[in-house]
Amino acid sequence: MMLITCPDCGPRDEAEFVCGGATHIVRPPLTASDAEWGEYLFYRDNPRGLLRERWRHAYGCGQWFNVARHTVTHAIVAVYRMTETPGGAGA
Amino acid sequence: MKYSALALLRGALAAQRNWAQAWRSPEPRASYDVVIVGGGGHGLAAAYYLAKNHGVTNVAVIERGWLGGGNTGRNTTVVRSNYLFPESARLYDFALRLYEDLGRELNFNVMLSQRGHLMLAHSRHDLESMSRWVNTMQMHGIDAALVSREEVGAFAPALDLSPAARLPVLGGFRQARAGTARHDAVAWGYARAASALGVDLIQECEVTGFLKDGAGGVTGVETARGPIRAGRVALAAAGHSSVLARLAGFRLPVTSYALQAMVTEPVKPRLDTVVISPGTGVYVSQSDKGEMVIGGSLDLFASYAQRGSFAVMQSVLAGTLALFPSFSRLRVMRQWAGIVDVVHDSSPIIGPTPVPGLYINCGWGTGGFKAIPAGGWTLAHVLATGRNHELAEPFQLERFASGRFIDEAAAAGIAH
Ligand SMILES: Cc1cc2nc3c(=O)[nH]c(=O)nc-3n(C[C@H](O)[C@H](O)[C@H](O)COP(=O)(O)OP(=O)(O)OC[C@H]3O[C@@H](n4cnc5c(N)ncnc54)[C@H](O)[C@@H]3O)c2cc1C
Ligand SMILES: [Zn+2]
């Protein structure tokens with residue numbers, strides 16, 4: 001069971017959140033080829049290790065935010081707001 | 001040694017000391033025609049069909065743990081072919097037909113039990129979608145049939161069929177040829193038969209990188225026991241496919257999730273079919289040992305930890321008890337998870353990769369046990385001939401650029 005610290009509400013049980021998958025994915029320009037567009041929509045790094053992803057406090061304040069989490073230990077290394085970059089969060 | 005009743009009888013006279021090892025455990029050679037990474041069902045079946053169908057026997061399967069120790073030995077053993085799209089129906093029914101003869105083919109009892117697969121309808125909308133699915137499946141030659149509430153009661157009397165049930169049962173649909181098979185036996189049977197045909201099975205040997213030629217083509221693998229050269233390399237590593245792809249220099253449209261399952265203490269026969277409820281995502285069958293085998297939905301965040309979260313386990317068990325109130329006094333004996341390789345359309349990828357010389361079989365997600373014979377057969381075909389098997393042609397990586405998905409996730413909506 002993970003304890004996730006919502007930036008607005010503080011530490012809460014994992015069951016209050018939903019995961020939105022990998023974050024910081026940059027949308028390609030409209031001139032992108034089908035292959036580039038497919039990459040953007042479907043291809044993921046899917047690392048065994050540190051992953052940056054989005055979570056939403058669905059059964060709380062409803063806000064989206066970013067989490068840096070280890071996919072083997074599930075340890076949460078950093079939590080930072082949607083508009084922050086990983087560097088800005090000191091991670 | 002051929003397994004038979006006679007061999008058992010002979011064994012009885014020799015205190016059962018007559019049994020040879022089921023497969024050889026050789027030292028890896030310096031080079032093979034084909035190296036398959038991953039000793040789960042799909043990798044082992046591919047090795048077997050390479051030797052059996054194509055005469056390619058200079059083959060090694062390289063497994064970092066033990067054979068069948070991944071999802072193949074962790075799944076809930078449901079086999080069925082009631083998929084919605086013609087491409088999937090063809091592929092999965094081909095697998096089911098191979099399963100129907102697999103015990104004889106491999107001379108290994110895979111304990112196929114065609115006890116049927118029953119999907120419940122909890123609402124009028126469920127009933128309407130199911131009649132559409134059943135019509136489509138029947139047109140593809142799949143033995144799917146609608147069943148009434150009374151028939152559901154006859155197939156699974158332990159269900160709560162009262163109108164006041166939390167999830168009222170209005171009927172459902174059933175595939176009679178579906179059922180379960182012993183998962184370990186499928187891995188062991190393919191392993192033994194492949195080894196007998198000359199395939200080397202190398203366990204406890206992690207693949208840590210790839211050997212490449214000047215043009216970027218794969219010419220072998222780096223392993224914990226040194227480099228091994230190969231004419232062609234195939235990845236059959238399920239939830240670890242992305243890790244290997246990254247080592248080989250490409251990405252995949254895959255996310256790895258934990259899928260968990262659990263079993264109760266064994267009891268007398270109480271459930272003679274596989275039951276799945278779309279309302280809860282829960283499905284239950286009774287093992288030949290008598291345990292209730294219970295599965296449900298994914299833990300919906302990326303994970304490489306082979307354990308499920310308590311929150312999902314709790315909701316799966318709550319769903320089980322809503323369906324089968326009489327199971328409330330059973331104790332759960334074991335709970336575990338496997339790391340499954342989920343793609344956007346819940347359909348597999350079987351074919352070449354962007355890296356020359358490197359092929360892949362992955363994307364089975366929560367439901368690839370039932371497909372092992374077909375996944376192995378079609379992977380062996382492309383490895384031996386360089387051309388995709390016609391059954392695998394629709395299941396290529398290109399579909400993630402073309403958008404030509406076979407979206408089973410959004411179709412019949414049955415997982416596993
Ligand atoms: C709980 C659960 C329930 C399921 N229920 C069903 C079901 O009822 N019906 C159904 O059809 N499917 C089911 N599935 C899905 C099914 O188990 C899988 O799709 C199928 O077993 C995949 O087989 P595989 O051979 O591709 O992978 P695996 O059996 O996982 O084999 C991959 C192998 O690759 C090895 N490997 C990984 N990395 C490396 C490396 N670097 N070097 C060497 N080896 C490596 C792993 O150790 C592993 O043994 C379920 C899965 C789970 C987890
Ligand atoms: Zn919050």
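Counted by atom type alone, B:Thr223 and B:Glu206 present zero donor-acceptor pairs between their side chains at under 3.5 Å. Under the 3.5 Å distance criterion, with hydrogens and angles disregarded, a donor-acceptor pair is assigned to the side chains of B:Ser88 and B:Glu408. A side-chain donor from one of B:Asp299 and B:Gln260 sits under 3.5 Å from a side-chain acceptor of the other.
Heavy atoms closer than 4.5 Å to chain A are found in both the backbone and the side chain of B:Val254. Contact annotation for B:Phe405: only side-chain heavy atoms (C-beta onward) come within less than 4.5 Å of a heavy atom of chain A.
With chain A as the partner, the residue from B:Ala258, B:Gly403, B:Ser256 showing the most heavy-atom pairs under 4.5 Å is B:Ser256. Listed options B:Ala311, B:Ser309, B:Ala302 were ranked by heavy-atom pairs under 4.5 angstrom with chain A; first place goes to B:Ala302. Chain B forms more heavy-atom pairs under 4.5 Å with one residue of A:Thr73, A:Val72, A:Val18 than with any other, namely A:Val72. For chain B, the option among A:Met2, A:Glu53, A:His70 with the highest count of heavy-atom pairs below 4.5 Å is A:Met2.
Listed by chain and residue number, B:Arg166, B:Leu167 satisfy the side chain to side chain contact (heavy atoms under 4.5 Å, CB included) test with B:Ala322 (two or more places apart in sequence, or in another chain). Here A:Asp8 pairs with A:Arg81 under the salt bridge (Lys or Arg N to Asp or Glu O under 4.0 Å) rule; sequence neighbours left out. Taking the salt bridge (Lys or Arg N to Asp or Glu O under 4.0 Å) definition, one finds that B:Arg246 meets it with nothing, sequence neighbours left out.
Contacts with chain B (heavy atom to heavy atom, under 4.5 Å) involve these residues of residues 36-46 of chain A, listed by number: A:Gly38, A:Glu39, A:Phe42, A:Tyr43, A:Arg44, A:Asp45, A:Asn46.
The six-membered or imidazole ring of B:His42 lies away from that of B:Tyr359, with a centre-to-centre distance of 6.0 Å or more. A:Trp55 and B:Phe301 have their aromatic ring centers within a separation under 6.0 angstrom.
By the 30° and 60° cut-offs, the orientation of the rings of B:Tyr304 relative to B:His240 is perpendicular.
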